[in-house]
There are 4 protein chains.
Amino acid sequence: MGTIGRPRSKSAHEAILKSALRLVAKRGFRAVSMNEIAADAGVGKMTIYRHWPNKAAVVMDSLLELIGNETAFPEAGNALESLRRQLHLQAAFFRSSRGNLIRSLVSEAQSDPELATAFRDRWLYPRRDDVRQNIKAAILEGSLRDDFNIDTAIDQLYGSLYYRLLLGSGVLNEQFIEDTYQQFLTGHQARLAVRKTPKSA
Amino acid sequence: MGTIGRPRSKSAHEAILKSALRLVAKRGFRAVSMNEIAADAGVGKMTIYRHWPNKAAVVMDSLLELIGNETAFPEAGNALESLRRQLHLQAAFFRSSRGNLIRSLVSEAQSDPELATAFRDRWLYPRRDDVRQNIKAAILEGSLRDDFNIDTAIDQLYGSLYYRLLLGSGVLNEQFIEDTYQQFLTGHQARLAVRKTPKSA
Amino acid sequence: MGTIGRPRSKSAHEAILKSALRLVAKRGFRAVSMNEIAADAGVGKMTIYRHWPNKAAVVMDSLLELIGNETAFPEAGNALESLRRQLHLQAAFFRSSRGNLIRSLVSEAQSDPELATAFRDRWLYPRRDDVRQNIKAAILEGSLRDDFNIDTAIDQLYGSLYYRLLLGSGVLNEQFIEDTYQQFLTGHQARLAVRKTPKSA
Amino acid sequence: MGTIGRPRSKSAHEAILKSALRLVAKRGFRAVSMNEIAADAGVGKMTIYRHWPNKAAVVMDSLLELIGNETAFPEAGNALESLRRQLHLQAAFFRSSRGNLIRSLVSEAQSDPELATAFRDRWLYPRRDDVRQNIKAAILEGSLRDDFNIDTAIDQLYGSLYYRLLLGSGVLNEQFIEDTYQQFLTGHQARLAVRKTPKSA
DNA sequence: CATTAATCGAGACGGTACGTCCAGTCTTTAA
DNA sequence: TTAAAGACTGGACGTACCGTCTCGATTAATG
């Protein structure tokens with residue numbers, strides 16, 4: 001049933017998200033003001049505040065609506081390989097300018113409990129669910145053991161990626177991802193009759 | 001060499017750090033203003049800026065000077081056990097109100113490159129050096145293998161702790177630490193003649 | 001020539017004027033928003049702007065259409081007495097909540113030349129014309145001299161009323177009106193027996 | 001006794017007043033924003049709000065501190081002549097760009113009771129006191145009668161000037177002032193030889 | 001009677017100014 | 001010279017309102 005009054009402008013909505021995404025990815029969250037986003041989107045500031053409660057919420061939505069599925073699990077012959085490729089996708093995503101969005105949102109979430117909840121519920125947990133599904137599939141395929149705590153394993157796998165993104169202690173390159181994946185395998189791979197030496201650099 | 005004029009107040013310096021620590025630990029970085037810290041410390045705002053360049057630097061120093069060694073490696077029979085206990089110390093530290101300092105500084109560092117560098121050079125890397133020394137000791141003791149990339153291993157070990165601190169996806173409890181430690185062992189422990197079953201919840 | 005389409009709602013027109021009059025008289029021009037008038041009148045904001053160009057125009061019309069003739073010259077035995085009574089009517093009008101409309105419009109007219117012109121052409125000058133007619137009648141009746149500048153005399157008569165309305169330097173009570181009327185008489189009344197030099201252009 | 005802390009900047013204070021005066025006199029109250037005044041004065045907006053509660057208060061002070069005595073009673077041989085000249089001064093003041101300040105303040109005062117009180121207490125009443133002193137002097141000099149209500153007489157004298165300033169019904173030229181002055185004389189001048197019934201309270 | 005076209009209530013829109021807040025700097029007097 | 005106190009510039013914030021625009025629904029006069 002249609003509501004009365006002028007409907008919200010879909011084009012304004014999208015223009016705001018695109019401007020926010022572009023500006024924040026390029027210059028960072030704090031360096032971009034609401035006035036600037038509004039001007040860039042050709043929109044009144046009140047329109048932004050009518051759609052979102054604050055800057056963080058705008059950026060949160062621009063992440064979800066515009067680039068939400070860049071890190072989806074890719075097709076591969078089996079679950080384990082799909083997981084491996086997704087880790088590389090995630091690293092590439094973090095290395096790109098999009099990584100600024102994640103850094104900004106995690107940063108703001110430290111002083112904004114509502115944003116923290118939103119980030120978890122709308123970004124983190126859905127992606128963790130995907131990972132969990134993938135791991136369960138790998139278990140069913142017989143590639144992984146079935147006696148470990150999946151949530152803990154996920155934290156170990158992805159924790160190091162977020163760590164390098166946020167702390168900058170090292171580069172998120174291919175080798176690092178490969179090592180992390182292998183370390184995960186070492187701990188959780190199903191035991192075969194024969195077993196080789198695990199590896200790392 | 002005798003200085004002219006009124007000497008700097010050492011008590012002011014400490015009062016500022018204590019106020020900053022207390023207020024930021026309780027209410028968070030963003031919610032605390034410089035005026036408030038100055039007032040709480042019974043000090044003029046200029047005195048703060050004469051000692052530190054900005055708010056983040058004050059909090060950085062309050063972390064280092066007041067509670068810097070709460071996570072030092074404890075004595076234990078061997079290097080591995082010392083590492084295990086340190087992981088538990090670090091988790092306790094993160095769970096306490098002090099965790100707010102780390103969260104605040106990492107958060108601010110996302111938009112302040114100088115702070116990012118300072119945080120790495122003065123907090124992160126010294127502690128990583130300790131971990132590295134410990135791991136090398138464990139290698140020498142024959143408890144760990146000697147063919148892995150230590151920096152990557154450190155990221156895997158501590159990344160999940162920072163992840164839970166900053167993302168709030170799960171509790172930093174004893175079990176989580178124990179699992180993380182075991183997963184590290186699984187991947188890096190020296191192969192003995194006999195081997196037990198690794199574990200997890 | 002018949003117009004096409006839905007005709008303008010006369011009831012909406014009147015409801016708007018009544019709401020504007022009531023709200024502005026009670027709370028003042030600036031304190032009342034167009035949204036509020038629209039809501040009070042049970043009308044869409046666009047309907048107001050389809051009938052009038054801006055808020056001042058609405059209030060201007062509410063003054064003219066609803067209470068325009070409260071200060072008309074009353075019947076009396078002669079022109080002078082009619083003038084005297086009209087001055088008292090005008091004072092009563094200014095003292096009432098209707099005075100707020102005049103104050104509001106004069107106030108807005110200071111920064112809105114179009115409104116200033118409209119206020120003069122539609123409110124001020126018609127009433128000055130009435131006064132002028134009355135004075136001319138009094139001259140014809142032999143009660144007033146015929147050698148003074150009528151416009152200047154009107155400004156002197158009514159200027160003090162507007163002055164007290166807008167500046168609030170004193171009350172617009174009966175005595176003040178009576179004194180003002182007498183001062184006018186002193187200067188412009190026809191000489192009964194002997195008289196000295198008249199004055200003015 | 002000197003207070004502690006940095007004292008308010010006298011130069012900033014004056015720069016603000018001068019900018020406000022210049023801009024408002026030229027373009028009018030509503031057309032000038034606080035940001036603009038701040039920028040023109042080379043001052044932060046907070047400094048303005050630290051010295052005054054709102055724009056009207058700034059303009060009020062710029063009127064009083066910068067051009068307050070342009071309408072002071074000039075020296076003349078006698079009180080009546082001084083009054084006559086002051087009327088001409090006042091008219092010239094109203095005709096000049098300074099008249100915009102008076103118009104602005106009276107306009108804003110219609111919706112700002114505090115400003116209304118301030119305008120009366122700080123601008124209007126002091127000047128009325130001067131007029132009252134002058135009239136009393138003229139009475140003592142024997143030029144004016146002593147049996148009329150002075151406040152009413154002042155309203156009649158100056159009311160017409162404010163009326164033409166605010167309503168724009170006619171020009172504030174020399175002739176108008178002269179007529180107004182003569183009308184005042186007619187009603188209040190002391191009778192030279194023979195005299196009939198006086199008038200008014 | 002169906003069509004047409006301007007109106008209606010509702011409310012989102014672009015734009016502009018407001019008044020508040022805080023970071024980091026500067027300027028006093030006192031010690 | 002340094003201290004406490006607090007005023008300073010600069011700039012972002014979130015709110016309010018104006019006057020315009022856009023919906024779906026209504027309402028005469030026209031065809």
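Protein chains get the first letters and strands the later ones, always in sequence-line order, with residue 1 at the start of each.
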Exercise. Which one, E:dT20, F:dG14, E:dA5, comes nearest to the side chain of D:M46?
Worked result: E:dT20
Problem set entry | Chi angles and distances behind the side chain to side chain contact (heavy atoms under 4.5 Å, CB included) call for A:K55, A:E108 | CA-CA 10 Å; A:K55 186 165 44 154; A:E108 291 302 303; over 6 Å; no
For this session: Record whether the side chain of C:R6 comes under 3.5 Å of the base of E:dC8 through a donor-acceptor pair of N or O atoms.
Result: no
Exercise. Between E:dG24 and B:Y49, is there an OP1 or OP2 to side-chain N/O distance shorter than 4.0 Å?
Worked result: yes
Exercise. Would you say B:R103's side chain and B:G28's backbone share a donor-acceptor pair under 3.5 angstrom?
Worked result: no
Exercise. Reckon C:K45 has a side-chain N or O less than 4.0 Å from the OP1 or OP2 of E:dG9?
Worked result: no
Exercise. Base, sugar-phosphate alone, or nothing: which one does D:R50 contact when heavy atoms must sit under 4.0 Å apart?
Worked result: base
For this session: Determine which pairs satisfy ring-ring contact (aromatic ring centres under 6.0 Å, His included) with at least one residue from residues 22-46 of chain D, sequence neighbours left out, and list them in order.
Result: none
Problem set entry | Rounded distance (Å) that lies between atom C1' of F:dG31 and atom CD1 of C:I4 | 10 Å
Exercise. Atom CD1 of A:I48 to atom P of F:dG14: distance rounded to whole Å?
Worked result: 11 Å
For this session: Check the distance between E:dA12's P and A:W52's CH2 and give it to me in whole angstrom.
Result: 14 Å
For this session: Evaluate whether atom CD of C:E114 has more than 12 neighbouring non-hydrogen atoms of other residues, nucleotides or ligands under 6.0 angstrom away.
Result: no
For this session: Report the residue (B:G42 or C:A56) whose heavy-atom-nearest nucleotide on DNA chain F is the more 5′ of the two.
Result: B:G42
Problem set entry | Whether C:R30 side chain and D:Q110 backbone form a donor-acceptor pair below 3.5 Å | no
Exercise. Is the shortest side-chain N/O distance from C:H51 to OP1 or OP2 of E:dC8 below 4.0 Å?
Worked result: yes
Exercise. If only side-chain N and O atoms of A:K55 are considered, is one of them under 4.0 Å from the OP1 or OP2 phosphate oxygen of F:dC13?
Worked result: yes
Problem set entry | Contact under 4.0 Å: A:T47 side-chain N or O vs E:dG14 OP1/OP2 | yes
Seminar exercise, completed: So, with a heavy-atom separation below 4.0 Å from DNA chain E, the residues of residues 10-40 of chain A are none
Exercise. Do the non-hydrogen side-chain atoms of B:Y162 and A:L166 ever get within less than 4.5 Å of each other?
Worked result: no
Seminar exercise, completed: Note: for A:R8 and C:G5 on DNA chain E, the residue whose nearest nucleotide lies more 5' is C:G5
Exercise. For the pair made of CG in A:D112 and C1' in F:dC13, what is the distance, rounded to whole Å?
Worked result: 15 Å
Problem set entry | Inter- and intrachain pairs under side-chain hydrogen bond (donor to acceptor under 3.5 Å, both in side chains), touching residues 18-29 of chain C, at least two apart | C:S19-C:D40, C:R22-C:D40, C:R27-C:E36
